[in-house]
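To start, the structure under review is shown below, and the notes come after it.
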Amino acid sequence: MIMKKSPAEIEAMKEAGRISAKVLREVGARVQPGISTLELDQFAEALIRLEGGIPAFKGYGGFPGSICASINEQIVHGIPSAGVILKEGDIISIDTGAIVDGWVGDNAWTFPVGKISPEKQRLLEVTEKCMWAGLEAARPGNRLGDIGAAVQEIAEAAGYGVVREYVGHGIGRNMHEDPNVPNYGRKHTGIRLEPGMVLAIEPMINIGTHKTKQMPDGWLVVTRDGKPSAHFEKTVAITEDGPLILTTEPDHRRPV
(Lines give C-alpha, C1' and ligand atoms only; values in the text may rest on other atoms or scores of the structure.)
Protein backbone atom coordinates (compact mmCIF):
# COMPACT_ATOMS: atom_id res chain seq x y z
CA MET A 1 0.00 0.00 0.00
CA ILE A 2 1.41 3.39 -1.01
CA MET A 3 1.32 5.92 1.83
CA LYS A 4 0.97 9.37 0.30
CA LYS A 5 2.10 12.31 2.39
CA SER A 6 0.29 15.59 2.92
CA PRO A 7 2.12 18.88 2.18
CA ALA A 8 2.60 19.29 5.94
CA GLU A 9 4.12 15.81 6.22
CA ILE A 10 6.45 16.49 3.32
CA GLU A 11 7.50 19.67 5.07
CA ALA A 12 8.14 17.64 8.23
CA MET A 13 10.36 15.22 6.31
CA LYS A 14 12.73 18.02 5.29
CA GLU A 15 14.63 17.98 8.59
CA ALA A 16 15.48 14.29 8.30
CA GLY A 17 16.50 15.04 4.72
CA ARG A 18 18.65 17.99 5.75
CA ILE A 19 20.56 15.99 8.32
CA SER A 20 20.99 13.05 5.95
CA ALA A 21 22.37 15.37 3.27
CA LYS A 22 24.70 17.22 5.62
CA VAL A 23 26.11 13.99 7.02
CA LEU A 24 26.65 12.55 3.55
CA ARG A 25 28.47 15.71 2.45
CA GLU A 26 30.63 15.84 5.58
CA VAL A 27 31.50 12.14 5.43
CA GLY A 28 32.39 12.53 1.75
CA ALA A 29 34.75 15.37 2.62
CA ARG A 30 36.64 12.97 4.88
CA VAL A 31 37.09 10.28 2.25
CA GLN A 32 40.82 9.96 1.64
CA PRO A 33 43.49 7.28 1.38
CA GLY A 34 44.35 5.75 4.74
CA ILE A 35 41.05 6.27 6.53
CA SER A 36 39.02 3.27 7.64
CA THR A 37 35.35 2.85 6.89
CA LEU A 38 34.75 2.47 10.64
CA GLU A 39 36.18 5.96 11.21
CA LEU A 40 33.78 7.34 8.62
CA ASP A 41 30.92 5.49 10.29
CA GLN A 42 31.75 6.79 13.75
CA PHE A 43 31.94 10.34 12.44
CA ALA A 44 28.59 9.93 10.69
CA GLU A 45 26.84 8.63 13.78
CA ALA A 46 28.22 11.41 15.97
CA LEU A 47 27.14 14.09 13.50
CA ILE A 48 23.64 12.65 13.05
CA ARG A 49 23.13 12.70 16.80
CA LEU A 50 24.69 16.17 17.19
CA GLU A 51 22.22 17.48 14.60
CA GLY A 52 19.29 16.00 16.53
CA GLY A 53 18.67 12.87 14.50
CA ILE A 54 18.83 9.13 15.04
CA PRO A 55 20.92 6.98 12.68
CA ALA A 56 18.37 5.35 10.39
CA PHE A 57 20.52 2.38 9.45
CA LYS A 58 21.98 1.37 12.81
CA GLY A 59 20.13 -1.72 14.00
CA TYR A 60 17.86 -1.78 10.93
CA GLY A 61 17.35 -5.48 10.32
CA GLY A 62 20.40 -5.99 12.51
CA PHE A 63 22.74 -3.80 10.43
CA PRO A 64 25.60 -2.68 12.70
CA GLY A 65 26.59 0.62 11.10
CA SER A 66 25.29 4.14 10.61
CA ILE A 67 26.52 4.12 7.03
CA CYS A 68 26.83 1.52 4.33
CA ALA A 69 30.35 1.73 2.90
CA SER A 70 30.78 -0.14 -0.38
CA ILE A 71 34.11 -0.03 -2.25
CA ASN A 72 34.88 -0.65 -5.94
CA GLU A 73 33.06 -3.85 -6.98
CA GLN A 74 30.89 -3.69 -3.84
CA ILE A 75 27.44 -2.44 -4.86
CA VAL A 76 25.60 -1.83 -1.58
CA HIS A 77 25.36 -2.70 2.12
CA GLY A 78 29.07 -2.81 2.96
CA ILE A 79 29.54 -3.02 6.75
CA PRO A 80 31.98 -0.41 8.15
CA SER A 81 35.12 -1.96 9.59
CA ALA A 82 38.38 -0.88 11.19
CA GLY A 83 40.10 -3.34 8.89
CA VAL A 84 38.83 -1.77 5.66
CA ILE A 85 41.22 1.03 4.76
CA LEU A 86 40.62 3.24 1.72
CA LYS A 87 43.35 3.30 -0.92
CA GLU A 88 44.25 5.77 -3.64
CA GLY A 89 42.20 4.97 -6.72
CA ASP A 90 39.26 3.37 -4.90
CA ILE A 91 35.69 4.55 -5.23
CA ILE A 92 33.35 4.28 -2.26
CA SER A 93 29.57 4.43 -2.07
CA ILE A 94 28.46 6.00 1.19
CA ASP A 95 24.79 5.45 2.01
CA THR A 96 23.37 7.02 5.12
CA GLY A 97 20.19 8.39 6.62
CA ALA A 98 18.63 9.99 9.66
CA ILE A 99 15.35 9.77 11.53
CA VAL A 100 13.76 12.94 12.91
CA ASP A 101 10.36 12.92 14.62
CA GLY A 102 9.74 9.50 13.12
CA TRP A 103 10.44 10.56 9.52
CA VAL A 104 13.29 9.00 7.57
CA GLY A 105 15.78 10.55 5.15
CA ASP A 106 17.91 8.30 2.93
CA ASN A 107 20.67 9.21 0.49
CA ALA A 108 23.89 7.95 -1.07
CA TRP A 109 26.81 9.17 -3.14
CA THR A 110 29.87 7.49 -4.64
CA PHE A 111 33.09 9.34 -3.90
CA PRO A 112 36.55 9.04 -5.46
CA VAL A 113 39.43 8.23 -3.14
CA GLY A 114 42.24 10.47 -4.31
CA LYS A 115 42.95 10.23 -8.02
CA ILE A 116 40.88 7.59 -9.79
CA SER A 117 41.08 6.03 -13.25
CA PRO A 118 39.23 7.57 -16.22
CA GLU A 119 37.14 4.37 -16.33
CA LYS A 120 35.92 4.88 -12.77
CA GLN A 121 35.44 8.61 -13.26
CA ARG A 122 33.17 7.96 -16.23
CA LEU A 123 31.18 5.44 -14.19
CA LEU A 124 30.60 8.05 -11.46
CA GLU A 125 29.56 10.70 -13.97
CA VAL A 126 27.15 8.42 -15.81
CA THR A 127 25.59 7.04 -12.63
CA GLU A 128 25.03 10.51 -11.21
CA LYS A 129 23.44 11.49 -14.53
CA CYS A 130 21.18 8.43 -14.24
CA MET A 131 20.05 9.56 -10.79
CA TRP A 132 19.16 13.06 -11.98
CA ALA A 133 17.24 11.61 -14.93
CA GLY A 134 15.27 9.37 -12.58
CA LEU A 135 14.50 12.31 -10.31
CA GLU A 136 13.39 14.42 -13.26
CA ALA A 137 10.89 11.69 -14.21
CA ALA A 138 9.30 11.74 -10.74
CA ARG A 139 6.45 14.01 -11.79
CA PRO A 140 2.67 13.81 -11.42
CA GLY A 141 1.10 12.07 -14.39
CA ASN A 142 4.19 10.05 -15.23
CA ARG A 143 4.30 6.37 -14.40
CA LEU A 144 6.73 4.35 -12.32
CA GLY A 145 8.24 2.82 -15.44
CA ASP A 146 9.26 6.29 -16.63
CA ILE A 147 11.74 6.55 -13.74
CA GLY A 148 13.36 3.20 -14.45
CA ALA A 149 13.38 3.78 -18.20
CA ALA A 150 15.14 7.14 -17.76
CA VAL A 151 17.88 5.51 -15.68
CA GLN A 152 18.23 2.45 -17.88
CA GLU A 153 18.48 4.40 -21.12
CA ILE A 154 21.46 6.45 -19.95
CA ALA A 155 23.26 3.54 -18.28
CA GLU A 156 22.91 1.10 -21.15
CA ALA A 157 23.82 3.75 -23.74
CA ALA A 158 27.12 4.01 -21.86
CA GLY A 159 27.56 0.24 -22.03
CA TYR A 160 26.89 -0.37 -18.35
CA GLY A 161 24.81 -2.93 -16.47
CA VAL A 162 21.78 -1.87 -14.40
CA VAL A 163 21.35 -3.80 -11.15
CA ARG A 164 17.99 -5.60 -11.07
CA GLU A 165 17.84 -7.29 -7.67
CA TYR A 166 18.12 -4.08 -5.63
CA VAL A 167 15.88 -1.09 -6.25
CA GLY A 168 14.72 2.24 -4.91
CA HIS A 169 11.65 2.48 -2.71
CA GLY A 170 8.97 4.54 -1.11
CA ILE A 171 9.98 6.17 2.16
CA GLY A 172 8.30 7.98 5.04
CA ARG A 173 7.77 6.76 8.59
CA ASN A 174 9.56 3.60 7.47
CA MET A 175 12.82 3.28 5.59
CA HIS A 176 11.27 1.01 2.98
CA GLU A 177 7.69 1.54 1.90
CA ASP A 178 5.73 0.79 -1.26
CA PRO A 179 6.31 1.12 -4.12
CA ASN A 180 9.55 -0.48 -5.20
CA VAL A 181 11.32 1.80 -7.69
CA PRO A 182 13.35 -0.25 -10.20
CA ASN A 183 16.19 1.35 -12.15
CA TYR A 184 14.96 -0.29 -15.34
CA GLY A 185 11.61 -0.43 -17.06
CA ARG A 186 9.44 0.73 -19.94
CA LYS A 187 8.06 4.20 -20.37
CA HIS A 188 4.34 4.74 -19.73
CA THR A 189 4.00 1.55 -17.68
CA GLY A 190 3.42 0.90 -14.00
CA ILE A 191 1.50 2.84 -11.39
CA ARG A 192 0.72 6.49 -12.03
CA LEU A 193 2.81 8.92 -10.00
CA GLU A 194 0.78 11.28 -7.84
CA PRO A 195 1.46 14.24 -5.56
CA GLY A 196 2.24 13.08 -2.06
CA MET A 197 4.35 10.09 -3.05
CA VAL A 198 7.85 10.20 -1.57
CA LEU A 199 10.49 8.01 -3.18
CA ALA A 200 14.13 7.11 -2.70
CA ILE A 201 15.54 6.95 -6.22
CA GLU A 202 18.90 5.18 -6.26
CA PRO A 203 20.56 3.91 -9.43
CA MET A 204 23.12 1.14 -8.90
CA ILE A 205 25.15 0.89 -12.09
CA ASN A 206 27.96 -1.55 -12.94
CA ILE A 207 30.76 -1.21 -15.46
CA GLY A 208 30.20 -4.83 -16.49
CA THR A 209 27.36 -7.27 -15.98
CA HIS A 210 24.20 -6.32 -14.11
CA LYS A 211 24.45 -9.60 -12.21
CA THR A 212 25.16 -9.52 -8.49
CA LYS A 213 26.36 -11.80 -5.72
CA GLN A 214 25.38 -11.79 -2.04
CA MET A 215 28.36 -12.22 0.29
CA PRO A 216 28.36 -14.60 3.27
CA ASP A 217 27.81 -11.85 5.86
CA GLY A 218 24.26 -11.55 4.54
CA TRP A 219 24.64 -7.85 3.80
CA LEU A 220 27.32 -7.00 1.29
CA VAL A 221 26.38 -7.26 -2.38
CA VAL A 222 29.08 -7.29 -5.08
CA THR A 223 29.18 -7.43 -8.87
CA ARG A 224 29.28 -10.97 -10.23
CA ASP A 225 32.25 -10.16 -12.49
CA GLY A 226 34.24 -8.14 -9.95
CA LYS A 227 34.06 -4.90 -11.96
CA PRO A 228 33.35 -1.55 -10.26
CA SER A 229 29.88 -0.30 -9.38
CA ALA A 230 28.51 3.13 -8.41
CA HIS A 231 25.46 4.16 -6.40
CA PHE A 232 23.75 7.55 -6.09
CA GLU A 233 20.52 8.26 -4.21
CA LYS A 234 18.23 11.07 -3.13
CA THR A 235 14.84 11.16 -1.44
CA VAL A 236 12.31 13.09 -3.52
CA ALA A 237 8.71 14.17 -2.96
CA ILE A 238 6.35 14.29 -5.91
CA THR A 239 4.45 17.57 -5.73
CA GLU A 240 2.02 19.46 -7.95
CA ASP A 241 5.01 21.59 -8.98
CA GLY A 242 7.20 18.60 -9.81
CA PRO A 243 9.96 16.75 -7.94
CA LEU A 244 11.16 18.27 -4.66
CA ILE A 245 14.41 16.87 -3.31
CA LEU A 246 14.26 16.35 0.44
CA THR A 247 17.75 15.01 1.12
CA THR A 248 19.54 18.26 0.56
CA GLU A 249 20.50 21.28 2.60
CA PRO A 250 18.11 24.25 2.47
CA ASP A 251 20.22 26.48 0.23
CA HIS A 252 20.24 23.72 -2.38
CA ARG A 253 16.70 22.42 -2.06
CA ARG A 254 14.89 22.86 -5.33
CA PRO A 255 12.76 21.02 -7.80
CA VAL A 256 14.81 19.19 -10.41
Side-chain angles (χ1 to χ4, degrees), residues 1-18 20-21 56 75-76 95 97 99-109 126-158 160-205 210 212 231-248 252-256:
M1 179 179 176
I2 296 172
M3 305 292 290
K4 291 196 291 186
K5 283 74 179 176
S6 69
E9 289 173 325
I10 289 172
E11 186 67 26
M13 291 186 71
K14 287 181 177 179
E15 183 62 5
R18 180 194 70 80
S20 300
I75 301 170
V76 285
D95 191 348
I99 302 170
V100 178
D101 295 329
W103 296 106
V104 183
D106 185 12
N107 58 181
W109 204 266
V126 170
T127 308
E128 182 183 350
K129 186 177 178 183
C130 287
M131 179 192 70
W132 289 112
L135 291 165
E136 169 65 28
R139 295 181 175 274
N142 279 357
R143 292 186 177 273
L144 194 63
D146 292 314
I147 295 175
V151 172
Q152 184 177 13
E153 181 178 357
I154 292 170
E156 293 185 348
Y160 295 151
V162 179
V163 171
R164 263 65 169 175
E165 294 93 338
Y166 301 88
V167 297
H169 49 90
I171 186 170
R173 292 286 187 187
N174 298 296
M175 173 82 72
H176 295 102
E177 297 182 354
D178 290 335
N180 285 339
V181 185
N183 294 304
Y184 58 94
R186 290 187 295 116
K187 292 180 180 178
H188 316 307
T189 65
I191 62 168
R192 189 173 297 278
L193 303 179
E194 299 178 2
M197 292 181 178
V198 181
L199 307 174
I201 293 176
E202 51 178 321
M204 290 155 269
I205 307 298
H210 71 270
T212 68
H231 175 211
F232 287 77
E233 175 186 24
K234 287 184 182 290
T235 298
V236 61
I238 299 174
T239 75
E240 295 282 4
D241 297 324
L244 180 67
I245 295 169
L246 301 181
T247 46
T248 191
H252 305 286
R253 183 172 288 126
R254 55 171 174 78
V256 178

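What you are looking at is a predicted structure, and each value in this text was computed from that prediction instead of being measured.
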Distance in Å, [X] [atom1] paired with [Y] [atom2], rounded so as to fall on 0.5 Å steps:
X	Y	atom1	atom2	value
Glu202	Ile171	CD	CD1	9.0 Å
Ile147	Met131	CD1	CE	13.0 Å
Tyr160	Thr127	OH	OG1	7.0 Å
Lys234	Leu199	NZ	CG	15.0 Å
Leu144	Met197	CG	CE	8.0 Å

Any side-chain heavy atom of [X] sitting closer than 4.5 Å to one from [Y]?
X	Y	answer
Pro179	Ile2	yes
Ile205	Val151	yes
His188	Arg186	no
Val198	Val236	no
Asp101	Glu15	no

Looking at every non-hydrogen atom in both residues, tell me the closest pair between [X] and [Y] and how far apart they are.
X	Y	result
Val162	Ala155	CG2-CB, 3.6 Å
Pro195	Lys4	O-CD, 3.5 Å
Pro203	Cys130	CG-C, 3.9 Å
Ala133	Ala150	O-CB, 3.7 Å
Arg192	Arg143	NH2-NH2, 2.6 Å
Lys14	Leu246	CG-CD2, 3.9 Å

- Query: Is it the case that His169 and Asp106 place a side-chain donor and acceptor less than 3.5 Å from each other?
  - Reply: yes

- Give a yes or no on whether Met3 atom CE has more than 12 heavy-atom contacts from other residues, nucleotides or ligands under 6.0 Å away. no

- Query: What pairs with Glu156 under salt bridge (Lys or Arg N to Asp or Glu O under 4.0 Å), at least two apart in sequence or on another chain?
  - Reply: Arg164

- Would Trp132 and Glu128 satisfy side-chain hydrogen bond (donor to acceptor under 3.5 Å, both in side chains), going step by step from the backbone distance to the final call? CA-CA 6 Å; Trp132 289 112; Glu128 182 183 350; 3.1 Å; yes

- Query: Does the pair Glu9 and Trp103 meet the rule for a side-chain contact (heavy atoms from CB on, under 4.5 Å), with working shown?
  - Reply: CA-CA 9 Å; Glu9 289 173 325; Trp103 296 106; 3.8 Å; yes

- Item | Residues Asp146, Lys187; criterion side-chain contact (heavy atoms from CB on, under 4.5 Å); working and verdict | CA-CA 4 Å; Asp146 292 314; Lys187 292 180 180 178; 3.4 Å; yes

- Message: What verdict does the side-chain contact (heavy atoms from CB on, under 4.5 Å) test give for Asn142 and Ile238, after you've listed the backbone C-alpha separation in whole Å, the side-chain angles of each residue and the deciding distance to 0.1 Å?
- Response: CA-CA 10 Å; Asn142 279 357; Ile238 299 174; over 6 Å; no

- Start with the C-alpha distance between Gln152 and Asn183, add both sets of side-chain angles, then the distance that settles side-chain contact (heavy atoms from CB on, under 4.5 Å), and finish with yes or no. CA-CA 6 Å; Gln152 184 177 13; Asn183 294 304; over 6 Å; no

- Query: Which pairs pass salt bridge (Lys or Arg N to Asp or Glu O under 4.0 Å) with one or both residues in residues 167-181, sequence neighbours excluded?
  - Reply: Lys5-Glu177

- Query: Only one of Leu135, Thr235, Asn107 forms a side chain to side chain contact (heavy atoms under 4.5 Å, CB included) with Ile245, so which one is it?
  - Reply: Leu135

- Any residue meeting side chain to side chain contact (heavy atoms under 4.5 Å, CB included) with Ile99, in chain and number order, not counting sequence neighbours: Ile54, Ala56, Val104

